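Inspection log for the structure reproduced underneath, given as structure tokens.
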Amino acid sequence: MQTRLTETYSDNTIGKEADTILRSCVHCGFCNATCPTYQLLGDELDGPRGRIYLIKQLLEGAETTRKTQLHLDRCLTCRACETTCPSGVQYNRLLDIGRQLTEKQNLRTWQERLVRKVFNLVLPYPSRFAPLLSLSRMLKGLLPAYMRSNIPARMIATKWPDSKQQRRMIILSGCVQSITHPDINNAAARLMDRLGVSLIKSGNSGCCGAISYHLTSLYDARKQMRRNIDAWWPEINEGAEAIVITSSACTAMVKDYGHILRDDPDYAEKAARISELTRDLGEVLANENLSALRFSSTIKRIAFHAPCSLQHGQQLPDIVDRILINGGFELTPIPDAHLCCGAAGTYSLLQHGLSSTLLANKLTALESGSPQCIVTANIGCLLHLQGKSKVPVQHWVELLESSIAN
Ligand code: SF4
Ligand code: SF4
């Protein structure tokens with residue numbers, strides 16, 4: 001694709017990155033075929049190729065309008081288009097740039113700005129999110145139906161293993177997951193302990209930065225990233241082998257720290273090292289020897305919902321499937337497994353209509369093979385599916401760990 005960027009962009013880092021990405025697109029349109037929003041809305045501007053054109057026009061000096069921002073807002077950042085693209089276009093990075101440019105124009109209504117501000121101030125911080133969740137449970141009957149179904153039941157965390165193994169890995173505590181489903185990391189820690197690895201929780205770490213980043217609050221996102229790096233660095237110096245993450249959207253974000261902080265003179269090098277060391281739980285277990293463990297469960301038939309951040313964002317499409325099959329589970333077939341469930345971080349709250357259509361379609365697909373339960377690998381998908389699913393939904397490591405017989 002030919003470009004004629006304005007002087008403002010032709011000579012800065014953002015403009016140069018965008019230009020390289022734009023030039024790699026041959027506007028073939030293959031990506032539209034797997035784009036969930038293009039499939040639902042049928043509008044070229046709600047597909048990846050159209051969004052790429054819109055961002056190109058912005059960089060070439062076109063007026064930024066609310067309509068442009070709306071088409072960019074409707075993107076799920078599911079990255080199915082990147083998996084499909086034969087030219088390797090880094091759409092996700094280009095969208096980040098487009099969103100930053102439109103956000104700077106301050107085109108949103110005050111109500112939209114307020115909602116986004118509240119999400120940004122509350123969701124990434126467990127000490128703020130926990131009381132809000134408790135209050136929501138108390139006032140559940142007064143909330144709109146779509147919000148009610150997203151409020152999870154209270155869960156009691158089970159045991160964190162005592163043992164101190166010689167091999168150590170850091171685990172991301174995260175934000176929303178640590179309050180709504182604390183048992184996911186605990187199950188991962190017990191499983192890893194059986195394999196001779198202690199998972200270390202670092203008290204000063206927190207949200208990976210994804211919520212703020214995708215709300216285009218880059219200042220807050222970078223602050224959260226630097227805080228995590230500072231919290232993990234001493235453990236890395238002490239020999240921690242990896243940073244293991246149980247929520248695939250968070251893994252994809254931390255794997256991107258190196259890119260996002262590349263111009264930060266104090267953190268660029270450390271951020272690149274953190275990204276190198278970051279592994280999704282599935283990647284970690286795929287490299288461990290599980291043959292000494294015996295798995296036995298009354299649950300046999302399961303549907304695995306592969307989050308977009310796992311299959312497209314990290315390009316790890318089958319890694320969890322193989323672990324579950326080796327654990328003795330039968331995975332039911334899922335039509336259109338490449339399509340997003342509509343969770344996409346705060347998308348389910350900000351783009352409720354599209355999100356609920358995608359959720360209904362996804363549940364139909366997941367339930368079509370009559371599974372006893374649905375498992376997934378990302379907290380956002382888990383909460384989203386759990387709200388409406390007819391069968392139980394849990395994280396795959398909870399099911400796997402609870403089925404260990406010895
Ligand atoms: S992003 Fe890729 S698939 Fe889509 S139009 Fe460009 S080159 Fe084609
Ligand atoms: S990231 Fe997903 S929703 Fe956005 S353009 Fe690509 S395929 Fe469509």
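Order of appearance sets the numbers: ligands from 1, and atoms from 1 within every ligand. Residue numbers run from 1 in the order of the sequence given. Keep in mind that this is a model prediction, so the values were computed, not measured.
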Considering only non-hydrogen protein atoms, determine which one is nearest to [atom] and report residue, atom name and distance to 0.1 Å.
atom	answer
atom 3 (S) of ligand 2	L76 N, 3.4 Å
atom 2 (Fe) of ligand 1	C85 SG, 2.3 Å
atom 4 (Fe) of ligand 2	C75 SG, 2.3 Å
atom 8 (Fe) of ligand 2	C35 SG, 2.4 Å
atom 5 (S) of ligand 2	R51 NH1, 3.1 Å
atom 1 (S) of ligand 2	R79 N, 3.2 Å
atom 6 (Fe) of ligand 1	C25 SG, 2.4 Å

Polar side-chain atom of Y257 near backbone of C208 as donor-acceptor pair, under 3.5 Å: yes

Donor-acceptor contact below 3.5 Å, side chain N326 vs main chain R322: yes

Out of all atoms in ligand 1, which are within 4.0 Å of some heavy atom of [X]? Include the element for each.
X	answer
C28	3 (S), 5 (S), 7 (S), 8 (Fe)
G29	5 (S), 8 (Fe)
I52	1 (S)
S87	7 (S)
H27	5 (S), 6 (Fe)
P86	3 (S)

Lys/Arg N to Asp/Glu carboxylate O, E269 vs R262, below 4.0 Å: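 No.
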
Salt bridge flag under 4.0 Å for residues E241 and R279: no

Is the contact between [X] and ligand 2 made by the side chain, the backbone, both, or neither, using heavy atoms and a 4.0 Å cut-off?
X	value
Y91	side chain
T77	backbone
E82	neither

Contacting atoms of ligand 2, where contact means under 4.0 angstrom from a heavy atom of P48: 5 (S)

Part of V26 within contact of ligand 1 (heavy atoms, under 4.0 Å):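 Both backbone and side chain of V26 come within 4.0 Å of ligand 1.
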
Side chain, backbone, both or neither: N32 near ligand 1, heavy atoms under 4.0 Å: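 The answer is neither; N32 stays 4.0 Å or more away.
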
Residue C31, metal atom 8 (Fe) of ligand 2, N/O/S under 2.8 Å: no

Partner of I374 by side chain to side chain contact (heavy atoms under 4.5 Å, CB included), out of I334, T332, V393, L382: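 For I374, the side chain to side chain contact (heavy atoms under 4.5 Å, CB included) test succeeds with only one of I334, T332, V393, L382, which is V393.
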
Candidates N378, T246, V375 - the one meeting side chain to side chain contact (heavy atoms under 4.5 Å, CB included) with H395: T246

Whether over 12 other heavy atoms sit under 6.0 Å from Q111 CD: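 It does: Q111 CD has more than 12 such atoms within range.
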
4.5 Å side-chain heavy-atom contact, R66 and Q105: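 Answer no - side chains too far apart.
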
Donor-acceptor side-chain pairing of Q224 and R227 below 3.5 angstrom: no

Exercise: do T83 and Q315 side chains pair donor with acceptor under 3.5 Å: yes

Option from K300, R301, Q372 for which side-chain hydrogen bond (donor to acceptor under 3.5 Å, both in side chains) with E330 holds: R301

Separation of D318 CG from L331 CG (nearest 0.5 Å): 10.0 Å

